[in-house]
Protein chains: 2
Amino acid sequence: MNEIESSDHTLCPVARSEAVVGDRWTVLILRELFMGNRRFETMQAQTGATPQMLAARLKKMEADGLVERRRYSERPPRHEYHLTAKGEAFYPVLLALRAWGETWCKSPKEGRAVYYTHKSCGGPAGLGPVCESCGQPLRREDLTVDLNPAYRDEREARWAAFKGGR
Amino acid sequence: MNEIESSDHTLCPVARSEAVVGDRWTVLILRELFMGNRRFETMQAQTGATPQMLAARLKKMEADGLVERRRYSERPPRHEYHLTAKGEAFYPVLLALRAWGETWCKSPKEGRAVYYTHKSCGGPAGLGPVCESCGQPLRREDLTVDLNPAYRDEREARWAAFKGGR
DNA sequence: CCATATGGCTATGGAGATCATAGCGACAAG
DNA sequence: CTTGTCGCTATGATCTCCATAGCCATATGG
């Protein structure tokens with residue numbers, strides 16, 4: 001691949017983004033971080049990534065400025081991963097991806113996995129970029145999240161299976 | 001990987017989406033389709049994918065219901081790839097990805113690669129999910145697209161290089 | 001006719017990424 | 001002083017992806 005063909009040297013913002021997040025695991029890790037899951041072990045359980053994949057991806061994400069590695073215990077040394085501003089700014093993409101998945105990658109009877117409520121107006125936020133109740137653009141800090149019980153169970157089962165199988 | 005850990009059997013809409021579009025090439029192909037580039041050869045030139053990758057991805061995308069393969073010439077047999085409704089619906093994700101890339105994956109002096117104008121109000125649409133000029137949610141059919149001259153040159157150079165090197 | 005061009009792929013072999021499984025190091029708790 | 005927890009690293013097999021080359025059916029020009 002010569003210089004001009006390489007996506008490392010393109011002006012296209014989509015290709016630039018894909019060079020950073022164009023990877024199943026990276027997106028799933030971001031999902032976990034947005035759900036408040038900041039620890040290696042729990043991310044491993046919920047994404048299904050192998051420990052090397054997870055370690056490698058977190059390292060790349062740190063290098064790309066998406067996450068910050070913070071020590072939360074000195075002895076034993078323990079770390080948590082926190083989103084940077086750049087990582088936080090990825091939220092709209094995840095929201096759009098989620099809306100597309102809920103709409104186009106499910107059989108109708110499954111129902112939604114996640115429900116958002118718009119704090120500002122108290123109504124359901126829906127699947128669009130603006131609140132379906134009040135029409136205001138959705139910002140992460142204005143949303144409360146509720147998981148479908150089946151989805152919550154799925155996540156708990158994954159954690160139980162992970163802990164059991166070590 | 002057991003059943004519950006497999007992302008094929010999760011309720012999570014993000015994981016469902018990633019199973020379909022969680023791939024650099026698939027997203028770049030979608031970008032080309034949204035730019036109106038529907039032919040194998042030109043997509044190969046602009047994405048930099050090898051012909052097998054492109055053929056494999058287009059086949060998978062057809063199986064996943066994102067694109068439709070249409071014959072535009074009987075003899076010699078020639079095809080074009082068209083977005084389905086499911087493919088079209090991916091537009092907001094690409095828009096969000098583009099906004100993130102323009103904002104977070106560029107040095108300030110580079111400038112935007114793509115400018116959107118909001119037909120409904122005549123003003124620039126900006127980078128958010130709603131028009132920065134009039135505040136209305138952005139729909140694809142209400143937007144006109146202008147490429148930065150440098151980006152246009154880059155694309156023309158890629159095509160020239162591709163045709164030259166065969 | 002025959003050579004060359006065009007568009008849409010397929011074939012091959014090697015390089016690199018990813019996987020499953022196992023284990024380590026530092027400490028805490030019992 | 002054994003067992004458990006957390007955050008990884010090591011190893012070897014497998015699988016994907018890439019670069020390069022070529023094929024097939026048809027137009028097109030000489």
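In what follows, chains carry the letters A, B, and so on, assigned in the order in which the sequence lines appear, proteins first and then strands, with residues in each chain numbered from 1.
- At whole-Å resolution of the value, OH in B/Tyr72 and C1' in C/dT6 are 9 Å apart.
- In terms of position on DNA chain C, the residue among A/Asp23 and B/Lys59 whose nearest nucleotide sits closer to the 5' end is B/Lys59.
- With D/dG7, C/dG8, D/dC8 as the choices, the nucleotide that has an atom nearest any side-chain atom of A/Arg39 turns out to be D/dG7.
- When rounded to the nearest whole Å, the span between CE of B/Met53 and C1' of D/dA19 equals 14 Å.
- Regarding B/Leu54, its CG atom lies at a distance of 11 Å from the P atom of D/dC18, rounded to whole Å.
- For A/Trp25 and C/dA17, the shortest distance from a side-chain N or O to OP1 or OP2 is not below 4.0 Å.
- A/Glu41 pairs by the side-chain contact (heavy atoms from CB on, under 4.5 Å) definition with A/Trp159, A/Phe162, A/Arg166, not counting sequence neighbours.
- The backbone N or O of B/Val27 lies less than 3.5 Å from no partner atom in the side chain of B/Arg57, so there is not a single donor-acceptor pair.
- Partners of B/Asn37 under the side chain to side chain donor-acceptor pair (under 3.5 Å) rule, at least two apart in sequence or in another chain, are B/Glu32, B/Thr42.
- Separating the CZ atom of B/Arg24 from the C1' atom of C/dA17 is a distance of 14 Å, rounded to the nearest angstrom.
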Inset, instruction - Check the pair B/Arg69, B/Tyr81 against side chain to side chain donor-acceptor pair (under 3.5 Å), reporting the backbone distance first and the verdict last. - result: CA-CA 5 Å; B/Arg69 196 162 173 266; B/Tyr81 295 88; 3.2 Å; yes

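- If you take CE of A/Met43 and P of D/dC6, they are 14 Å apart, rounded to a whole angstrom.
- The side-chain contact (heavy atoms from CB on, under 4.5 Å) search around A/Ala113 returns A/Glu102, A/Lys106, A/Tyr151, B/Leu11, B/Pro13, not counting sequence neighbours.
- With sequence neighbours left out, A/Ala160 forms a side-chain contact (heavy atoms from CB on, under 4.5 Å) with no residue at all.
- Scored by the side-chain contact (heavy atoms from CB on, under 4.5 Å) test, A/Ala89 finds B/Trp100, B/Trp104 as partners (sequence neighbours excluded).
- Across the protein-nucleic acid pair, A/His79 atom NE2 and C/dG25 atom P stand 18 Å apart, rounded to whole Å.
- What separates CG of A/Leu58 from P of D/dC6 is a distance of 17 Å, to the nearest Å.
- Listed by chain and residue number, B/Asp64 satisfy the side chain to side chain donor-acceptor pair (under 3.5 Å) test with B/Lys60 (two or more places apart in sequence, or in another chain).
- Panel note: side chain B/Asp142, backbone B/Lys119; no donor-acceptor pair is recorded below 3.5 Å.
- For A/Thr84, there are no side chain to side chain donor-acceptor pair (under 3.5 Å) partners, not counting sequence neighbours.
- Using a 4.0 Å heavy-atom distance criterion, B/Arg69 is classed as a sugar-phosphate-only contact.
- Straight-line distance from the CG atom of B/Leu28 to the C1' atom of D/dC18: 16 Å, rounded to whole Å.
- Within the structure, every pair that satisfies the ring pair (Phe, Tyr, Trp, His ring centres under 6.0 Å) test and touches residues 31-63 of chain B, not counting sequence neighbours, is listed here: B/Phe34-B/Tyr91.
- Recorded end-axis angle for the helix from C/dC1-D/dG30 to C/dG30-D/dC1 stands at 0°, based on five pairs per end and rounded to 10 degrees.
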Collect all protein-nucleotide pairs involving nucleotides 12-15 of chain D in which both atoms are nitrogen or oxygen and the distance is under 3.5 Å.
none

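- When the nearest nucleotides of DNA chain C are assigned to A/Arg57 and B/Glu41 by heavy-atom distance, the more 5′-ward of the two goes with B/Glu41.
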Could you pull out the protein-nucleic contacts involving nucleotides 25-29 of chain D (nitrogen or oxygen on both sides, under 3.5 Å)?
from	atom 1	to	atom 2	distance (Å)
D/dT26	O3'	B/Pro76	N	3.4
D/dA27	OP1	B/Arg75	O	2.8

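- For the OP1/OP2 pair of D/dC6 and a distance below 4.0 Å, the side-chain nitrogens and oxygens of A/Tyr81 include no atom meeting the criterion.
- Nearest nucleotide to the A/Ala55 side chain, out of C/dC9, C/dG7, D/dT9: D/dT9.
- No engagement by B/Arg71 is indicated, since no non-hydrogen atom pair under 4.0 Å with the nucleic acid exists.
- Within the structure, the side chain to side chain donor-acceptor pair (under 3.5 Å) test picks out no pair touching residues 128-138 of chain A (sequence neighbours left out).
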